[in-house]
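What you see is a predicted model, and the numbers here were worked out from it, not measured in a lab.
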Amino acid sequence: MNNQRPISSDDEHRVLQFRPRTSPPTAAQRGNGTVQPLRVAPERLDLSRYERPRAEPDNFRQRMLANIAALAFTIALTAIGIWLAVSIADLRRTQDCVLMGRRDCVKITTPHI
């Protein structure tokens, strides 16, 4: 089998050499001694500069009620989904039974006397 490589020019592929953002501190020579560069402590990275004063305090009771309502809604949706999946599976099972030509596909419940 013949390996064919596409013809490419040198302009398409270029390797870039990345330099670090901060260079390591270097000592400068002045006269007989060395002078170390001044190190500035970096600013603390916190979110205090993005905080805004609130007009009113948080209403934790309302938040808890909203969380409980959301949890109840999620549980209800999950229960409905499970019931729907079981119902569809039961209907499919009954339909498969009928299509095979069987006559005893549906369960008949009789009350106990």
Run the side-chain donor-acceptor check on residues 64-86: report pairs under 3.5 Å with partners two or more places apart or on a different chain.
| from | atom 1 | to | atom 2 | distance (Å) |
| --- | --- | --- | --- | --- |
| Asn67 | ND2 | Arg63 | O | 3.4 |
| Thr74 | OG1 | Ala70 | O | 2.8 |
| Thr78 | OG1 | Thr74 | O | 2.8 |

| request: Mind checking side chain to side chain contact (heavy atoms under 4.5 Å, CB included) for Arg102 and listing every partner two or more places apart, or none if nothing turns up? | output: Cys97, Met100, Asp104, Cys105
| field | With sequence neighbours excluded, residues passing side chain to side chain donor-acceptor pair (under 3.5 Å) with Asp90 | value | Arg93
| remark: In Gln62, Arg54, Glu56, the residue satisfying side-chain contact (heavy atoms from CB on, under 4.5 Å) with Asp58 is Arg54
| message | Restricting to side chain to side chain donor-acceptor pair (under 3.5 Å), what partner residues turn up for Arg52, sequence neighbours left out? | response | none
| task | Please collect all disulfide (SG to SG under 2.5 Å) contacts where either partner lies in residues 49-89, sequence neighbours excluded, each pair once. | result | none
| said: Under 4.5 Å side-chain heavy-atom separation, chaining through any Ile, Leu, Val, Met, Phe, Trp or Tyr, what else clusters with Leu99? Say none if it is isolated. | reply: none
